[in-house]
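Data first, discussion second: the structure below is written as structure tokens.
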Amino acid sequence: MPTDPIPGEPLYDVLVVGAGFSGLYMLHRLRSMGLRALVLERGSAVGGTWYWNRYPGARCDVESVDYCYSFSDDLLREWTWAERYPPQQEILRYLEHVADRFDLKRDIRFGTTVTAASYHENAARWVLLTDDGHALQARFCVMATGNLSMTKPPDIPGLDRFEGEWFHTGHWPHRPVDLKNRRVAVVGTGSSGIQVITTIAPDVARIYVLQRTPNYSMPAWNRPLAPSELAATVAHYPARREACRESDAGIPLPSPTRKAVEVTAEERRRRYEEGWRRGGVPALSFAFSDMFTSEESNRYAQDFAREKITTLVEDPAVARRLSPVHHIGTKRTCVDTGYFETYNRSNVELIDLRTQPIDRISATGIRVGDRHIPLDVIVFAVGFDAITGALTAIDIQGRGGVPLRAKWSTGPRTLLGVQTAGFPNLFMVTGPGSPSVLSNMVISIEQHVDWIADCIAHLRRCGADTIEPTAEAEDRWTAQVDALAAATLYPQANSWYVGANIPGKPRTFSVYVGGCGAYRDECRRVVAEGYRGFRISRQDSAGGPPSPAAIRAAG
Ligand code: NA7
């Protein structure tokens, strides 16, 4: 007889960790299936990454009309996006609206951090522990914890003695921060740094940009969305969304078919200029099909991007220091509105940490090389423990008490990025091994949430209790993800994609680079073949495991 791990406590069908885009839609789906679900969220409101990243200038680098849910036509029609790229505040308002419109908040416990999750094999239950000392149990657990939600702490000596204010962009305060006329240093020049620098430069007394690695950044050409333009998009929305789903990156742009190495220099320039005028992350990466597989092709795009920097930045020495040298796109390409031009302002100073590293932080500023920079505020735009960080931050223990951290000590292993062997009934939304951060996250989130909800419905239909990948299927998938990445330039860069930004993190490229469409096809095939590679079983030994025929019939 199964034993109840926490007698007297309610048994949820599903516990969901996180109330961002993933957790909200997951809750909606589970509820509509008549399941008892509860979401646990560490923030005091919905929004996930958009709740925490409220630094000046925070904005999504995917167009608003594509960075939103498609599961409800009414929701789509009633929301009016104001700009081409949505600012953080607007996305947060949207998610608040979704939560209210679908009455989701009554099943979300806010201000609750999940610290541990363990699988109780005898009862086929997950028990989650929270920071306020509670234990909750459920048959299924869904980690909707996000790919960029665990901030990388600033690791510069002396910070504890700094007498000014300091902030991490990924943990920006919920009160107004007045930077007017203050001396500010920004550490980090990834997407967050680039946005914050451009936004605050006109207001602060002086800004010191502490740059370790320059980044490529494409123009956003952000603009208000005219109501007529939005209405025209919404009218053709099903086709646009379908194009996103079947595309490589989850955006409605056809993948390029021609190789840069096969065309003339004039043709390359024409395509790059066209991309630059369109703007956004894919400005150059959608010009030719071989940008991520050919050094030569990538170099053509790099040269074009560096040339643009020299035309935008007046001081040639500054332009040189701002010019990246890595393969373009292998660290996340940024999107900006006037970033490079910001260096033409007299109150902006670029400090190249490659030639003069940070020595330490003092009570009154930062020491760089032998120079002391007096400061009122330090902004750390130093990024995240990406993709796996939010999962390994929780002490997750699977079958036999095996910790996920131990299982993944040499890198994450999953089947399709939705489950990992030895952790039955634990699902990840956009986990490692799925297209995740190389795609429009909302497209990938909707697909994963639907897959997980359908999987749970399937288990119920065929009278099964548990599902987990077989070790062999997981090995095959992990090897396939590795092999696809190894054929590209991606793994070569010291990026957060490979965990290079986190000391001690195993270096693996754990994102499926085959594209959303190919990935979606594989997910469909796995289901059509009776959840190929997953082991589905019944906990009650008298019933025995459902037969393969029963599993297929239930599908
Ligand atoms: P990123 O892209 O990881 O950028 C972090 C930046 O901070 C990057 O320039 C780092 O340089 C720099 N960094 C990190 N640690 C240090 C230290 N100790 N000293 C100096 N500089 C440092 O994070 P973002 O928040 O900008 O963006 C993350 C994603 O969120 C983004 O790609 C979008 O998809 C949304 P490095 O490159 O490591 O030399």
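For ligands, and for the atoms within them, numbers begin at 1 and follow the listed sequence. Along the sequence shown, residues carry numbers from 1.
In terms of protein heavy-atom proximity, atom 38 (O) of ligand 1 is nearest to R212 NH2, 2.9 Å. Ranking protein heavy atoms by distance to atom 26 (O) of ligand 1, first place goes to S192 N, 2.8 Å. Counting only heavy atoms of the protein, atom 34 (O) of ligand 1 lies nearest to R332 NE, 3.3 Å. The nearest protein atom to atom 12 (C) of ligand 1, hydrogens excluded, is given as G188 CA, 3.6 Å; this is a heavy-atom distance. Of all protein heavy atoms, the one lying nearest to atom 31 (C) of ligand 1 is S191 OG, 3.4 Å. Of the protein's heavy atoms, T189 N, 3.0 Å lies nearest to atom 9 (O) of ligand 1.
Side chain to side chain, R321 and T355 fail the donor-acceptor criterion of an N or O pair below 3.5 Å. If you check the side chains of R507 and N494, you find a donor sitting under 3.5 Å from an acceptor.
Within the 6.0 Å centre-distance limit, the rings of F71 and Y25 are counted as a close aromatic pair.
When F380, W496, Y497 are ranked by how near their heavy atoms come to atom 3 (O) of ligand 1, first place goes to W496. Between the choices G383, A381, G190, the shortest heavy-atom distance to atom 7 (O) of ligand 1 belongs to A381.
Near L148, meaning under 4.0 Å from one of its heavy atoms, ligand 1 places the atoms 29 (C), 30 (O), 34 (O), 35 (C). Listed by number with element, the atoms of ligand 1 under 4.0 Å from a non-hydrogen atom of K331 are 36 (P), 37 (O). Using a 4.0 Å cut-off to heavy atoms of V187, the atoms of ligand 1 that qualify are 19 (N), 20 (C), 21 (N). Counting atoms of ligand 1 from 1 in the listed order, those under 4.0 Å from a heavy atom of K152 are 14 (C), 15 (N).
Salt bridge annotation for R299-E296: absent, with no cationic side-chain nitrogen under 4.0 angstrom from a carboxylate oxygen. Using a 4.0 Å cut-off between charged nitrogen and carboxylate oxygen, E314 and R345 do not count as a salt-bridge pair.
Aromatic ring orientation, W477 versus Y512: parallel (interplanar angle below 30°, classes split at 30° and 60°).
Judged by the 6.0 Å distance and 45° axis criteria, R306 is not positioned over the aromatic ring of F304.
Around the CH2 atom of W221, the shell of radius 6.0 Å holds no more than 12 heavy atoms that belong to other residues, nucleotides or ligands.
Residue contacts with ligand 1: T213 is placed with a nitrogen or oxygen under 3.5 Å of a nitrogen or oxygen of the ligand (distance criterion only). Taking any N or O of N215, backbone or side chain, none lies under 3.5 Å from an N or O belonging to ligand 1.
Note on ligand 1: L353 sits in its first shell, one or more heavy atoms being nearer than 4.0 Å. Ligand 1 does not have Q211 within reach: every non-hydrogen atom of the residue lies 4.0 Å or more from it. Ligand 1 lies less than 4.0 angstrom from a heavy atom belonging to D155.
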Intermediate values then yes/no, ring-ring contact (aromatic ring centres under 6.0 Å, His included), Y94 and W79: CA-CA 8 Å; Y94 171 75; W79 189 263; 5.3 Å; yes
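When atom types are taken as modelled, the side chain of R182 and the backbone of D178 share a donor-acceptor pair closer than 3.5 angstrom. In this structure a side-chain-to-backbone donor-acceptor pair under 3.5 Å is present from D376 to R183.
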